[in-house]
Amino acid sequence: MLKLSAGPADLGGLKTPALAILLEQVVGAPSLGALDAAIARSVGRVITNRDFRGTRDETLTILGADGGVERVLLVGMGKVTERRTALRRAASIAARRAHQNGYAGLAIFAGTVSADEVESIALGAIAGAWEFKDYQTPPPEDERRAPLNEVTVLGADAAGARDGIARGMAIGEGHTLARRLAMLPGNVCTPDYLADTARDIAKRHGMSVTVLGRAEMEREGMGSFLSVAQGTPQEPRLIVLEYRKGGNKPVIALVGKGLCFDSGGISIKPAQGMEWMKFDMCGAAGVLGAMEAIAALQLPVNVVGLVGSTTNMPSGTAVKPGDVVRASNGKTIEIINTDAEGRLVLADVLAYAKRFSPAVVLDAATLTGACIIALGHGATGVMGTDETVVQEVVEAGKLAAEPGWPLPLWDDYKELIKSDIADVKNSGGRPAGTITAALFLKEFVDGYPWVHLDIAGTAYSETDLGPLPAGPTGVPVGTFVEFVRGRAG
Ligand code: BES
Ligand code: MN
Ligand code: ZN
């Protein structure tokens, strides 16, 4: 685990393997005060010479002095509009670089920083230092590089050092958990594995946990969820985690799609790239990560996390196109495409959420490829029954550096999911695929305001992003945490 601390900008006596200086697109050299004069001159020179311009994600390494600041890593933030977002991104780049290069320690300097900025830098550093090496044999001892194990944020006052670091670490725990769960392959991260993870979170943070299996779901009449699960011998799991530290405040429910693998089922997906569908549980990972972070932050709130988990497989027992199933709220569904399985799982989980009388329900799901066509990888699709809460989620996403963008959830689109034989069909074809998926979910929402996050384009990346490698991004942990923190008052 990465050791994090913060303190004043004591550049004079600084001893560190590496000092990262995070800089906005440069106009002049930064004030480096008491930093070793020779190093400060070098920094000034690369800036004056325009060897380093401070454009976003730009880096330059300068060698320092043995026994003092051994290296200086300049990291550009470009033209900054959102300072916390920029600091976090640059800190992530710095930590990732330090880790790759085998610097055991890293000090980060970005001038004077508030507690909130310390939190952002800490979070960025944790994200950047994260890696997943569980299944690779480490190189021989003499070829190994030191892992980055210590990060110090400079320029903080006492409050920044205390609160900023604590909060950054708490949210970082959540992120790290979500990214790890996402990265684990489908043969390891099964519905039971997610249930065990929930039990572990519950145990460490004094939450209660309920896990439903096939039999319990049958008793609840969850024919929609179970139709997806009927193609796999694995036990499906509906996982409920209850964090109740909010006295008599109303419940916030967080719901996540937990498809441990999505082959498409009988409507099977093309082989090319199918391995990415192990990430079809990123909504579930987001819920578990957020529960971890919310508990670590000790927020005075009542939050119920719900995860619907199974694996979508073709088999002799699998559900078929044309089949009609009944969800626990009584509605019938004609299954047009077995690859539109996430909504079938979530239908019963959303109906189940009603029993907690939630003040609001947010769900996150890698639900539609169409969302990637609409918004690319830059924004989560946000839709809901209440404009104000949609906006609240978008604002939470901004704070978390997890941009979200609203799509219209107009009733007119419901035409597309009208069935000739059942109450609704599970696919409306390609037009407005993200919206019709959300409208399908809405059929199972009752008695609470609800916002749906389609994270298909944002929960993981197939390419290296710069601050983060290819793989899970941690989305939607930050959005969930900021939303709940906002409601904590
Ligand atoms: N898990 C997929 C959505 C997805 C696709 C996420 C690509 C991330 C990347 C979902 O279960 C799915 O297959 N959706 C279908 C719906 C269609 C059959 C109506 C899709 O998007 O093609
Ligand atoms: Mn699918
Ligand atoms: Zn899916």
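Order of appearance sets the numbers: ligands from 1, and atoms from 1 within every ligand.
- Ionic pairing of E392 and R487 is present here: one or more N-O contacts between side-chain nitrogen and carboxylate oxygen are shorter than 4.0 angstrom.
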Please step through side-chain contact (heavy atoms from CB on, under 4.5 Å) for the pair V287 and L241, ending with a clear verdict. CA-CA 9 Å; V287 169; L241 258 179; over 6 Å; no
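- Of the N and O atoms on the side chains of E402 and T479, at least one donor lies less than 3.5 Å from an acceptor on the other residue.
- A donor-acceptor contact under 3.5 angstrom links the side chains of D423 and T332, judged on distance only.
- Remark: R83 CZ to E24 CD distance equals 5.5 Å, nearest 0.5 Å.
- Counting only protein N, O or S atoms closer than 2.8 Å to the Mn ion (ligand 2) gives 4.
- Around atom CD of Q298, no more than 12 heavy atoms belonging to other residues, nucleotides or ligands sit under 6.0 Å away.
- In this structure, R355 is positioned above the aromatic face of Y352, its NZ or CZ under 6.0 Å from the six-membered ring centre and within 45° of the axis.
- Contact check on E119 versus R88 returns no salt bridge, with no Lys/Arg side-chain nitrogen under 4.0 Å from an Asp/Glu carboxylate oxygen.
- Partners of R219 according to the salt bridge (Lys or Arg N to Asp or Glu O under 4.0 Å) rule, which considers only residues two or more places apart in sequence or in another chain, do not exist here.
- With respect to E482 and R167, no salt bridge is recorded, no charged nitrogen being found less than 4.0 Å from a carboxylate O.
- The environment of E387 atom CD is sparse: at most 12 non-hydrogen atoms of other residues, nucleotides or ligands sit within 6.0 angstrom.
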Which protein N or O atoms sit under 3.5 Å from any N or O of ligand 1? Give atom names and distances.
from	atom 1	to	atom 2	distance (Å)
ligand 1	1 (N)	K257	NZ	3.3
ligand 1	1 (N)	D262	OD2	3.2
ligand 1	1 (N)	D280	OD1	2.8
ligand 1	1 (N)	D280	OD2	3.0
ligand 1	1 (N)	T366	O	3.2
ligand 1	11 (O)	K257	NZ	3.2
ligand 1	11 (O)	D262	OD2	2.9
ligand 1	11 (O)	D339	O	3.1
ligand 1	11 (O)	E341	OE1	2.8
ligand 1	11 (O)	E341	OE2	3.0
ligand 1	13 (O)	K269	NZ	2.9
ligand 1	13 (O)	D339	O	2.9
ligand 1	13 (O)	D339	OD1	2.8
ligand 1	13 (O)	D339	OD2	3.1
ligand 1	14 (N)	L367	O	3.4
ligand 1	21 (O)	G369	N	2.7

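- If you take CG on L259 and NZ on K278, they are separated by 15.0 Å, rounding to the nearest 0.5 Å.
- Protein-derived N/O/S atoms nearer than 2.8 Å to the Zn ion (ligand 3) total 4, waters excluded.
- T176 and E173 are not linked by any side-chain donor-acceptor pair at a separation below 3.5 angstrom, with hydrogens and angles left out of the test.
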